[in-house]
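All figures in this text were calculated on a predicted structure; none of them were measured in a lab. Just so it is clear: chains get the letters A, B, ... in the order the sequence lines come, proteins before strands, and each one is counted from 1.
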Protein chains: 2
Amino acid sequence: MSVTHYEDDARFAAALDRILLLTVMLNDDMNRGLAADGLTPSRTSLLWTLRRIGPCPQKAIAAAMKISPRTVTGLVDGLVATGFVTREPSPADRRAVLVTFTGKGTAAVDSLIEQQREFGRQLFATMPPERLAGLEAGLDDVLATLHALGLRSPF
Amino acid sequence: MSVTHYEDDARFAAALDRILLLTVMLNDDMNRGLAADGLTPSRTSLLWTLRRIGPCPQKAIAAAMKISPRTVTGLVDGLVATGFVTREPSPADRRAVLVTFTGKGTAAVDSLIEQQREFGRQLFATMPPERLAGLEAGLDDVLATLHALGLRSPF
DNA sequence: TCCTCATAGTGAGTCACGCTCACTATCGTA
DNA sequence: TACGATAGTGAGCGTGACTCACTATGAGGA
């Protein structure tokens, strides 16, 4: 099992390098796009989470994003100041607030979804179907391997 | 050309989602690993850059990493304090310093390389060769498309 | 009822990292 | 020599992550 195969190793390393390069490039590109909308990466992540779990107390956002409640306070401060969300009183618990989208916030998230959809078209529309299928199969395999290694999806 | 194909769109979006999920998971995992070595992501990036371009003045590091010279000062401060690099006087220019690996710094980078290689083995060693080939072809296609869209590799 | 413990959120303080602006020291050239 | 360009840093700001201590409120039990 532990016999070393140098050629395979080099091939695996090259494949991993491609994935990591893609990782860096996509991250950079997405963050550039966000700044144009007046959003930071973390605030955008919060909006995305809020869309998924709906209006909720900050505690729930902290749990969903796996960050501290104190950090959520700061992010919500910024999003309130820039008009993407509001803090509404919780009818059930006077200690809690319900973080809620404004119209601007809803529009921003809808815009992000459409941008991502358009980006998907740009990336894949010209790709031969069998190559896309091969890519999807490879990605699924990698994700399954990561899962088996103990890495869990953040969602 | 601009006829909308909803099913294709959904498939493209799903493929992009997979890539972005992989992006997030790999980033998280690598950053977790770094902290164990007493390194932050940015300091690690600097070490990686330094390995690529060799001992050099901070100005060159700033250019290679596309960050400001002032930020490099701070990162090098941290790496000097934790013993990964030293600032050596430049023989050619008394204004400049040469950022240079210590033994600990060299060992840390070698360790990172080996960790990455091992990770590649874990990800791909059990993958059927034709599936790996399909993944590589798909990734190359995506990277080429990104290049055509104007996104450039940071290296 | 009242006391206690748990919970939601925030103030204060810390650290990493990105930035700009102003400054010193040095280089290179006219 | 004198002047403009260059290498690096001090000062200060903004974002975003953390912990710890604190207030206000909720929920039960004695």
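Tested against B/V24 for a side-chain contact (heavy atoms from CB on, under 4.5 Å), the candidates B/D28, B/N27, B/L20 yield a single pass: B/D28. No option in A/T145, A/L146, A/D140 other than A/L146 meets the side-chain contact (heavy atoms from CB on, under 4.5 Å) test with A/V142.
Distance, A/R43 CZ to D/dA17 P: 11 Å, rounded to whole Å. The NZ-P distance, from A/K59 to D/dT25, rounds to 18 Å in whole Å.
Positionally, the nearest nucleotide of DNA chain D for A/T40 lies more toward the 5' end than for the other of A/T40 and A/R95.
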Side chains of residues 39-55 of chain B: which donor-acceptor partners sit under 3.5 Å, not counting sequence neighbours?
unit_1 : atom_1 : unit_2 : atom_2 : d
B/T40  : OG1    : B/R43  : N      : 3.3
B/T44  : OG1    : B/T40  : O      : 2.7
B/T49  : OG1    : B/S45  : O      : 2.9

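The main-chain N or O of B/L98 is never found under 3.5 Å from a side-chain atom of B/S90 such that the two would form a donor-acceptor pair. B/K104 places no side-chain N or O within 3.5 Å of a backbone atom of B/V85 that could act as its donor or acceptor partner. Counting only distance, with no hydrogens or angles, the side chain of B/T23 and the backbone of B/I19 share a donor-acceptor pair below 3.5 Å.
Boundaries of the chain B contact region on DNA chain C are C/dA16 to C/dC27, first to last in 5' to 3' order (nucleotide atom under 4.0 Å from a heavy atom).
The shortest heavy-atom contact between A/L132 and B/A15 is CD1-CB, 4.2 Å.
Less than 4.0 Å separates DNA chain D from at least one heavy atom of each of the following residues of residues 60-94 of chain A: A/I67, A/S68, A/R70, A/T71, A/L75, A/D93, A/R94.
When side chains are defined from C-beta on, B/L26 counts as touching B/F119, because their heavy atoms get closer than 4.5 Å.
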